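See structure below.
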Amino acid sequence: MLSVHACPLAKLGGRDSGGMNVYVRELSRELARRGVEVDVFTRWRETPDARIQELGPNARVIHVESGPIRYIPKTEVLARIDEFTDKVQRHIEAEGRSYDLVHSHYWLSALVARALAARWDLPTIQMFHTLGLVKREVMDEDVDGESEARIRIERRAVRESDALVAASEIEASELEQLYGAQPEKVSVIPCGVDPEIFRPQRQVDAREALGRKQCEQLLLFVGRIEQIKGIHVLLDALGQLFARRPGLRGEVCLVVVGGALDPGDDAPETEKLEELRSLVHEHRLEDVVDFIGSLDQPRLATWYAAADVCAVPSLTESFGLVALEAMACGTPVVATRVGGLQTVVQEGVSGLLVPAGDGDALAEAIERVLLDHRLRMHLAHGARERAERFTWSSVADSVEALYQRVLEARNAPVRV
Ligand code: UDP
């Protein structure tokens, strides 16, 4: 498993750590449980981590030193990718281990996959998690300065990988239409949720555990503090909600989970968080919005259960684990009609969907769920039912079956 910039052991919710880290962690563990031996190669980012760490029986994380052991921007990770690749190869030689296939995550890992495939004649499976061309459509600037190189690398990975994994039908068609992927190469495998962690709890208990008032209307946002997550649209929507219904001010509050608030963290309070704080000020929402920083998943589960609505206002989303986790906790979701969110959230059944970037529509949907108790109960029930279908175990079943198909195709005699 190659996951150059997303370590499966990383603290989540900070800079560049989110769904992909969870995906690699959960998939690797599930595969390992079924006897597939997994080594995850990732860039060494946290000093206290050991170079090699167990992820569970049969699964290891191998930290590869390339650049300083701390957060570095993706452009710098890319600049050091040859060093990373070289070290992975030397590690493999030194251990004398041989692999059957390479499963790589995100565009940065695709380059490493190409090198390993060429050297040891290995089949490769690629999952992008987000696509550069899709991101470019919704972002007004190339925030990470990664665009051109990224798209070139993605195109090559689409051409040369043996198989591609898409998290939704929508991502599959983006791969086909924007990148010219051959449809037979693309497998749609939705992501999963851990039902042991994300399960319904009584709202009163969750609120008590968190020390929140029982009578407040609690709106929750969870995610990395990035423009692509659309928090600015949510703040705008909240401003509009209070303009329309001034009576709700003082009753509704928004809790934002994610981002590093701890100055000792390697991702100190970012410019993005500063920008959001000034937006909060602009909309006069200081008394309404709480930025509480990132949380581990068990703690996060209590927040989902305490919330009345979880807002997922992303501008684009390959899947949207946050929506699924909230649903698994029985919390209705108001999400944007983009990417995988459209397949996770069923409109009117497990949540409401609104157009991306539309603060007006978002405000209206939030208002409906907050004010209409029956609708909220109906969506909460639908959300729980829907989430039950998505487990990491079924993700691993599908991925393992894909591995088998790829290996069989490799070993099949060549027909002339
Ligand atoms: N997450 C977390 N703590 C936080 C914020 C986020 O554990 O403070 C996790 C969250 O539970 C989810 C993931 O980060 O599993 C975010 O995944 P999603 O697919 O929603 O977004 P991505 O990060 O992939 O864009």
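Atoms within each ligand, like the ligands themselves, are counted from 1 in listed order. On a predicted model such as this, the values are computed, not experimentally measured, just so you know.
- At least one N/O-N/O distance between K229 and ligand 1 falls below 3.5 Å.
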Under 3.5 Å, which donor-acceptor pairs link side chains of residues 378-385 to any protein atom two or more places apart or in another chain?
from: H378; atom 1: NE2; to: G348; atom 2: O; distance (Å): 3.0
from: H381; atom 1: NE2; to: E385; atom 2: OE2; distance (Å): 3.4

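- Ion pair R244/E367 flagged as a salt bridge, since at least one NZ, NE, NH1 or NH2 atom sits closer than 4.0 Å to an Asp/Glu carboxylate oxygen.
- For atom 13 (C) of ligand 1, the closest non-hydrogen atom on the protein side is G19 N, 3.5 Å.
- A donor-acceptor contact closer than 3.5 angstrom links the side chains of Y179 and E154.
- Note on R70 versus E46: no salt bridge recorded, every NZ/NE/NH1/NH2 to OD/OE distance being 4.0 Å or above.
- Of the polar atoms of V322, at least one N or O is found under 3.5 Å from an N or O of ligand 1, judged by distance alone.
- In the vicinity of S294, heavy-atom distances shorter than 4.0 Å reach the ligand 1 atoms 8 (O).
- Atoms of ligand 1 lying under 4.0 Å from at least one heavy atom of V22, given by number and element, are 15 (O).
- Counting the atoms of ligand 1 from 1 in the order shown, those under 4.0 Å from a heavy atom of V257 are 8 (O).
- L295 N, 2.8 Å is the protein heavy atom nearest to atom 8 (O) of ligand 1.
- Atoms of ligand 1 lying under 4.0 Å from at least one heavy atom of R224, given by number and element, are 22 (P), 23 (O), 25 (O).
- Although no hydrogens or angles enter the test, the distance criterion places a donor-acceptor pair under 3.5 Å between the side chain of R337 and the main chain of L353.
- Using modelled atom types, one finds a donor on one side chain and an acceptor on the other under 3.5 Å when comparing D308 with Q203.
- A distance-only check finds a donor-acceptor pair linking the side chain of R207 to the backbone of Q214 [under 3.5 Å].
- Ranking protein heavy atoms by distance to atom 5 (C) of ligand 1, first place goes to G13 CA, 3.4 Å.
- Ion pairing between D296 and K11 fails under the 4.0 Å rule for side-chain N and carboxylate O.
- Between K229 and E317 there is a salt bridge, with a side-chain nitrogen of the basic residue lying less than 4.0 Å from a carboxylate oxygen of the acidic one.
- Remark: ligand 1 atoms within the under-4.0 Å shell around heavy atoms of E317 are 21 (O), 25 (O).
- For atom 7 (O) of ligand 1, the choice among Q297, E325, E226 with the nearest heavy atom turns out to be Q297.
- What sits closest to atom 18 (P) of ligand 1 on the protein, heavy atoms only, is L321 N, 3.6 Å.
- Of the heavy atoms in L300, only side-chain atoms (C-beta onward) come closer than 4.0 Å to ligand 1.
- With a heavy-atom cut-off of 4.0 Å, V222 touches ligand 1 through its side chain alone.
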